[in-house]
*Asks:* 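Input: one structure, supplied below.
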Amino acid sequence: MALDRRGTPLWDVDSGPERPPLTRTARADVCVVGLGGSGLSAVRELRRLGASVVGLDAGRVGWGAAGRNGGFLLAGLAPFYHDAVASFGRARARALYTLTMHELDHIATETPMGVSRHGSLRIAESDEELADCAEQLEVMRADGFPVERYDGDQGRGLFIPGDGTFHPLLRCHALAEQCIQMGAELHERSCVTDVSRGRVRTEHGTVECDLVIVAVDGRLDVILPELQGIVRSARLQMIATAPTAEVQLTHPVYARWGYDYWQQRPDGSIALGGARDTAEQEEWTTDAVPTDVIQRALERRLRHDLGVHAPITHRWAATVGYTATGLPVVGEVRPGVWAIGGYCGTGNVVGSLLGRGLARWRINGDDSLVRPFIHADD
Ligand SMILES: Cc1cc2nc3c(=O)[nH]c(=O)nc-3n(C[C@H](O)[C@H](O)[C@H](O)COP(=O)(O)OP(=O)(O)OC[C@H]3O[C@@H](n4cnc5c(N)ncnc54)[C@H](O)[C@@H]3O)c2cc1C
């Protein structure tokens, strides 16, 4: 991925073969807008079900948050499980959590390269947060989900055994390759300027199709302004260090109510993100450029709390979508135009699930992967 204003992520790898921009009128059953983890998951499932697909991205495959995130693979939605139960009801929260656990297995099977399943930690940094962890543990155990109390080198809190990490950009590239092999037509550098029933326009081409799926997390409210007030774009930022032996962090960590997160990669480098609440108003933006305020906060966390002094080699930002409820968007926004997004900063697993789920639902009527996202009474 070329250097750009958004900085260079730790995951920077050879972007692979360029997929040509769309410069003609193409015809397909489905047009998928956005080739991140969610869109590619939709494209793959659509091809598996026999639909013809054209996929479009304004940049390159994995150009958005899918190739620029923290690399956590976590079961559940953005709210902690007990908060999800309180907000969505027990049966619905349980169904949502179960679907994401299965999706995690699916991701590990579909694109195993770079996936590691050693569990994750939720670390508490106050008595109040520790009490909240205890509540989460109780509710998860009552519903039969794997969770353990953690008290070890990395602090105190919870250990979730089924979670993991991955190399997010590698997954995008692997998925794109699979999609091509399965007969999908993918176009990069093809910014979508207009979406309507049966037609998607880019700067230099058009796709005529029966169904449009917009799989864009950040900027969803820009492409589909009807979603303003439902999804709001926000910037998230990260840093990464050179490989270091100063610490041995065995598990990826979510700390301070999930505002901060870090992991040590197999080569010893550390990827650390968060601190969004340090400048919350400024971070409600589609301008995905690292800022001094957040970058300094991340450095403080790295130097003072983790005690790591290795040089910082990468700084980057990307845009994601937040909803007020913590539930992502999945629905028909315009006639024939469906959208998924608004994962509230945790879209690696849920985005993949909804991409697949929406494809299945629209092609063969099987709504089993999306139903609890839509109906409260399941
Ligand atoms: C710093 C950071 C850390 C994160 N950490 C984690 C984490 O550890 N775990 C986790 O689960 N989630 C994490 N997330 C969230 C996660 O990355 C996203 O929710 C997820 O990647 C969204 O994937 P997506 O495919 O839906 O969207 P994106 O990856 O954003 O893909 C959307 C694509 O649409 C394209 N696009 C946009 N507009 C247009 C247009 N007009 N025309 C054509 N194409 C367009 C973009 O170029 C982009 O490639 C993090 C996000 C960030 C930014």
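Counting starts at 1 for both ligands and their atoms, in listed order.
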*Asks:* Within less than 4.0 angstrom of ligand 1, does Thr346 place any heavy atom?
*Replies:*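 Under 4.0 Å: yes for Thr346.
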*Asks:* Does Gly273 come within less than 4.0 Å of ligand 1, judged by its heavy atoms?
*Replies:* no
*Asks:* Any donor and acceptor pair, going by atom type alone, linking the side chain of Asp57 with main-chain N or O of Glu188 inside 3.5 Å?
*Replies:*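 Not at all, since once roles are kept as given, no pair shorter than 3.5 Å links the two residues.
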*Asks:* Considering only heavy atoms, does Ser190 approach ligand 1 within less than 4.0 Å through its side chain, its backbone, both, or neither?
*Replies:* backbone
*Asks:* Does the side chain of Thr100 come within less than 4.5 Å of Leu96's, by heavy atoms?
*Replies:*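 They are not in contact (no side-chain heavy atoms under 4.5 Å apart), so the answer is no.
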*Asks:* Taking atom types as modelled, is there a side-chain donor on His251 or Asp163 under 3.5 Å from an acceptor on the other?
*Replies:* no
*Asks:* Using a 4.0 Å heavy-atom threshold (strictly under), name the region of Thr193 that reaches ligand 1: side chain, backbone, both or neither.
*Replies:* neither
*Asks:* Thinking salt bridges, do Glu299 and Arg296 make one under a 4.0 Å N-O criterion?
*Replies:* no
*Asks:* Closer than 4.0 Å to some heavy atom of Ala318 - which atoms of ligand 1 meet that?
*Replies:* 53 (C)
*Asks:* Can you tell whether the side chains of Arg235 and Glu282 come within less than 4.0 Å, N to carboxylate O?
*Replies:*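 Glu282 and Arg235: not salt-bridged.
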*Asks:* Could you identify the single nearest non-hydrogen protein atom to atom 16 (C) of ligand 1 and state the distance to 0.1 Å?
*Replies:*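 Here the nearest protein heavy atom works out to Gly347 N, 3.8 Å.
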*Asks:* What residue and atom, counting heavy atoms only, is the protein's closest point to atom 44 (N) of ligand 1, and at what distance?
*Replies:*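 Looking only at protein heavy atoms, the one closest to atom 44 (N) of ligand 1 is Ala58 N, 2.9 Å.
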*Asks:* Is Arg68 in polar range of ligand 1, meaning some N or O pair under 3.5 Å apart?
*Replies:* no
*Asks:* So, are Arg171 and Glu110 salt-bridged, with charged N and O less than 4.0 Å apart?
*Replies:*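 Salt bridge flag = yes for Glu110 with Arg171.
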*Asks:* May I ask you to say whether Arg24 pairs ionically with Glu208, meaning some side-chain N is under 4.0 Å from a carboxylate O?
*Replies:*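 Answer for the salt bridge query: no.
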*Asks:* In plain terms, say whether Arg256 and Asp277 are close enough for a salt bridge, that is, a side-chain N and a carboxylate O under 4.0 Å apart.
*Replies:*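 Result for this pair is yes, salt bridge flagged.
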*Asks:* Sequence neighbours left out, what passes side-chain contact (heavy atoms from CB on, under 4.5 Å) with Ala51? Give chain and number order.
*Replies:* Asp29, Val30, Leu46, Ile363
*Asks:* Please indicate whether Asp292 has more than 12 foreign heavy atoms, meaning atoms of other residues, nucleotides or ligands, lying under 6.0 Å from its CG.
*Replies:*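 No, the 6.0 Å shell around CG holds no more than 12 heavy atoms from other groups.
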*Asks:* Using distance alone, with no hydrogens and no angle criterion, decide if Asp143 and Tyr97 have a side-chain donor and acceptor under 3.5 Å apart.
*Replies:*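 Per modelled atom types, Asp143 and Tyr97 side chains form no pair under 3.5 Å.
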*Asks:* If we set the cut-off at 4.0 Å for heavy atoms, which region of Trp63 has an atom near ligand 1: side chain, backbone, both, or neither?
*Replies:*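 The answer is both, backbone and side chain.
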*Asks:* What atoms of ligand 1 come within less than 4.0 Å of a heavy atom belonging to Gly71?
*Replies:*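 Contacts of ligand 1 toward Gly71, numbered from 1: 8 (O).
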*Asks:* Any nitrogen or oxygen of Trp316, main chain or side chain, under 3.5 Å from a nitrogen or oxygen of ligand 1?
*Replies:* no
*Asks:* What's the shortest distance from atom 24 (P) of ligand 1 to any protein heavy atom, and which residue and atom give it?
*Replies:* Ser38 OG, 3.2 Å
*Asks:* Would you call the rings of Trp361 and Trp338 parallel, tilted or perpendicular if under 30° counts as parallel and over 60° as perpendicular?
*Replies:*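 The arrangement is perpendicular - the two ring planes meet at more than 60°.
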*Asks:* Provide, to 0.1 Å, the distance between atom 28 (P) of ligand 1 and the closest protein heavy atom, together with that atom's residue and name.
*Replies:*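 Atom 28 (P) of ligand 1 sits closest to the protein heavy atom Ala65 N, 3.7 Å.
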*Asks:* Could you tell me the residue and atom name of the protein heavy atom closest to atom 2 (C) of ligand 1, and the distance to it rounded to 0.1 Å?
*Replies:*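 Scanning the protein heavy atoms, the shortest distance from atom 2 (C) of ligand 1 goes to Asn69 CA, 3.7 Å.
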*Asks:* Taking the side chain as every heavy atom from C-beta outward, state whether His118 and Thr250 have any atom pair closer than 4.5 Å.
*Replies:*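 When only atoms from C-beta onward are counted, Thr250 and His118 do not touch, as no gap falls below 4.5 Å.
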*Asks:* I need the nearest protein heavy-atom contact for atom 13 (C) of ligand 1: residue, atom name and distance, please.
*Replies:*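 I find the closest protein heavy atom is Gly345 O, 3.1 Å.
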*Asks:* Looking only at protein heavy atoms, which one is nearest to atom 41 (N) of ligand 1, and what is the separation?
*Replies:* Val192 O, 3.2 Å
*Asks:* Does the N or O separation between Gly34 and ligand 1 drop below 3.5 Å for any pair?
*Replies:* no
*Asks:* Suppose we measure from atom 49 (O) of ligand 1 to each protein heavy atom; which comes out shortest, and what is that distance?
*Replies:*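 Its nearest protein heavy-atom neighbour is Asp57 OD2, 2.6 Å.
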*Asks:* Between Val320 and ligand 1, find which residue part has any heavy-atom pair under 4.0 Å and reply side chain, backbone, both or neither.
*Replies:* side chain
*Asks:* Taking the six-membered ring of Trp284, is NZ or CZ of Arg276 closer than 6.0 Å to its centre and within 45° of its axis?
*Replies:*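 Pair Arg276/Trp284 counts as cation-pi.
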*Asks:* Polar contacts were defined as any N/O atom of the residue lying under 3.5 Å from an N/O atom of the ligand; does this apply to Ala66 and ligand 1?
*Replies:* yes
*Asks:* Taking NZ, NE, NH1 and NH2 as the nitrogens, is one of them in Asp105 or Arg117 under 4.0 Å from a carboxylate oxygen of the other?
*Replies:* yes
*Asks:* Report, in ascending order of atom number, the atoms of ligand 1 lying under 4.0 Å from any heavy atom of Cys191.
*Replies:* 41 (N), 42 (N)
*Asks:* Closer than 4.0 angstrom: is that true for some heavy atom of Gly351 and an atom of ligand 1?
*Replies:* no
*Asks:* Short list, please: which atoms of ligand 1 are under 4.0 Å from a heavy atom of Ile223?
*Replies:*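 Atoms satisfying the 4.0 Å criterion: 38 (N), 39 (C), 40 (C), 41 (N).
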*Asks:* Judging by distance only, is a nitrogen or oxygen of Gly218 under 3.5 angstrom from one on ligand 1?
*Replies:* no
*Asks:* Any heavy atom of Gly341 closer to ligand 1 than 4.0 angstrom?
*Replies:* no
*Asks:* Looking only at distances, can you tell me whether any N or O atom of Leu35, backbone or side chain, sits closer than 3.5 Å to an N or O atom of ligand 1?
*Replies:*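 Between Leu35 and ligand 1, no N or O pair is found under 3.5 Å apart.
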